[in-house]
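A short write-up of the structure that comes next.
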Protein chains: 2
Amino acid sequence: MHGRCENCIIRELNSFKALKKEELKRISDSKVSKIVKKGETLFAEGEKLNGVFCVRSGVSKLSKMSNNGKDQIVKIATKGEVLGQRSVISDESTNLSAVALNDMEVCYIPKQHLQESLNNNVEFTKAVLVHIASDLKFADNIIVNMAQKTVRQRVAETIKYLEDNFGKDNEGYISITLTREDIANIVGTAKEACIRTLSSFKKENLIATDGKRIKIEDKKALYRLIEGF
Amino acid sequence: MHGRCENCIIRELNSFKALKKEELKRISDSKVSKIVKKGETLFAEGEKLNGVFCVRSGVSKLSKMSNNGKDQIVKIATKGEVLGQRSVISDESTNLSAVALNDMEVCYIPKQHLQESLNNNVEFTKAVLVHIASDLKFADNIIVNMAQKTVRQRVAETIKYLEDNFGKDNEGYISITLTREDIANIVGTAKEACIRTLSSFKKENLIATDGKRIKIEDKKALYRLIEGF
DNA sequence: CCTAAAAAATGACATTTGTCATTTTTTACT
DNA sequence: AGTAAAAAATGACAAATGTCATTTTTTAGG
């Protein structure tokens, strides 16, 4: 609970692995560990952040409200992700809000320390740069999918994404369970359309469901569908 | 034509302003100035780049082909933009292709020099980081628009974007002229839908057109439409 | 200035997706 | 285990968008 960053294995997953010992010590001394319950907000769109959140466990959605009242999920962040990073880098308020999808353990790190490292440790700055560049590439792909793929294809892609990133339990179901509405908000469609699409996938034996849980039954066919057949 | 980077005013527009004199000299010695004609490809999706392109004049579209054969434009790059940067940072092949929308003057800079500066000059690395972070924020916004806004709203938004970024000529027409198909590829819709939407905007006196040229006639109404009224 | 090719425009229609209303099922809690 | 609330599922219909065919207009080049 109150471990030291120096010993935290999570940092192997993010840019913090490029930090030097002294830097880690300083960060560790000022960081605050927090438990965030399912449904709670880490930060809201437009807020000015004075630090970042390093995710130790649990899952958070990063989303942006659109004028029609729908929440578009832009990213699902899990263990190792550093939330609020972009906004600290540019010294702007956040463009996204972060809400816990299940109970989370996070460390809050005041931004001064990060900024100092960004200003002095090229290795760290470069690591952050590479990470953000990869987020950008990912975002470009989402744009293309949103613009060019059907809801069916995007639902299929989202299921694949969830399995690839969160794995399966011992029964073969995708480990992360989202509400149909959250899935719809990733896909960028109405929840009814999302539900119908999942039902149709079930009829076609592409997937099986049990409550909220989803299992991919015919991976090949699902992948073909994503590619447009 | 063969000016020195040290004297190039374009670099005030991008991260190159954070480079030191020696760095600029080295880059200047190895850079190659090129003229790229309208319609020509600077680089294609999937290509491995050995350098970046700094745009001195002209406009390029950055796009990605989707499986249905449509080209999704992700960004319009103009004076000062550095193309291929993301791919050099991550040392991967590019995820986008770049095609000139009109005649361009660009400088090709071999990647070694950039990488050296990224490894040694924190100021530069940070400047690049801030720039990529801003691209990411922009991309997040596009995702939300694609997912949640109608074609009408997105066409309106694209027109606003073009006027804001490329200005108007002395008759009030937007300075950059794209084909309807290119506009459709920014909006993420079929060209017929794009044409129909523009025609309807014309009927409603939101815009006026003359050939490819577009002029915003009722900015307020157009902006209201973007917001969803 | 003329002409072929490209782009824009339009019609007709199919398909996809969104919206609203309602019922059924699941979940969380005592 | 029982119950209220939330989530999922489904039907019916409207609206938005895509596709294909065709005509009209514009543009580029000799």
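Worth saying up front: this structure is predicted, and the values here are computed from it rather than measured. Below, chains carry the letters A, B, ... as their sequence lines are ordered, and counting in each starts from 1.
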Whole-Å distance separating the CD1 atom of B/Ile183 from the P atom of C/dA7: 13 Å
Heavy-atom closest pair, residues A/Leu222 and A/Ile216: CD2-CD1, 3.9 Å
Rounded interatomic separation in angstrom, taking CD from A/Glu192 and P from C/dA21: 12 Å
D/dG18 phosphate, OP1 or OP2, under 4.0 Å from B/Thr189 side-chain N/O: yes
Below 4.0 Å: OP1/OP2 of D/dA8 and any side-chain N or O of A/Ser199: no
D/dA8 OP1/OP2 closer than 4.0 Å to side-chain N/O of A/Lys202: no
Any donor-acceptor N/O pair, B/Arg11 side chain to B/Cys5 backbone, under 3.5 Å: yes
Selection from C/dT19, D/dT19, C/dT17 that lies nearest to any side-chain heavy atom of B/Ala190: D/dT19
Atom-to-atom span, CD1 of A/Ile195 to P of C/dT26 - whole angstrom: 13 Å
Minimal non-hydrogen separation, A/Ser93 against A/Arg86, with atom names: O-NH2, 4.0 Å
D/dT10 phosphate, OP1 or OP2, under 4.0 Å from A/Lys203 side-chain N/O: no
Spacing of B/Glu181 atom CD relative to D/dT19 atom P, expressed in whole Å: 13 Å
Nucleotide nearest B/Ala193 when distance is taken to its side chain, options D/dG18, D/dA9, D/dA8: D/dG18
Polar contact flag, side-chain donor to acceptor under 3.5 angstrom, B/Ser66-A/Lys149: no
Closest-nucleotide ordering on DNA chain C, the 5'-leading residue of A/Asp210 and A/Arg154: A/Arg154
Main-chain N/O of A/Glu92 paired to A/Ser87 side chain as donor or acceptor, under 3.5 Å: yes
A/Phe201 CZ - D/dA9 P separation (whole Å): 13 Å
Interatomic distance, B/Arg180 CZ vs C/dT10 C1' [rounded to whole Å]: 14 Å
Closest listed nucleotide, where the reference is the side chain of B/Val151 and the choices are D/dT17, D/dT10, D/dA28: D/dT17
Base C/dG18 to side chain A/Arg196, donor-acceptor N/O within 3.5 Å cut-off: no
Interatomic distance, B/Lys191 NZ vs D/dT25 C1' [rounded to whole Å]: 15 Å
Touch class at under 4.0 angstrom, heavy-atom based, for B/Lys149 against every strand present: nothing
Spacing between A/Leu198 atom CG and C/dT25 atom P, to the nearest angstrom: 18 Å
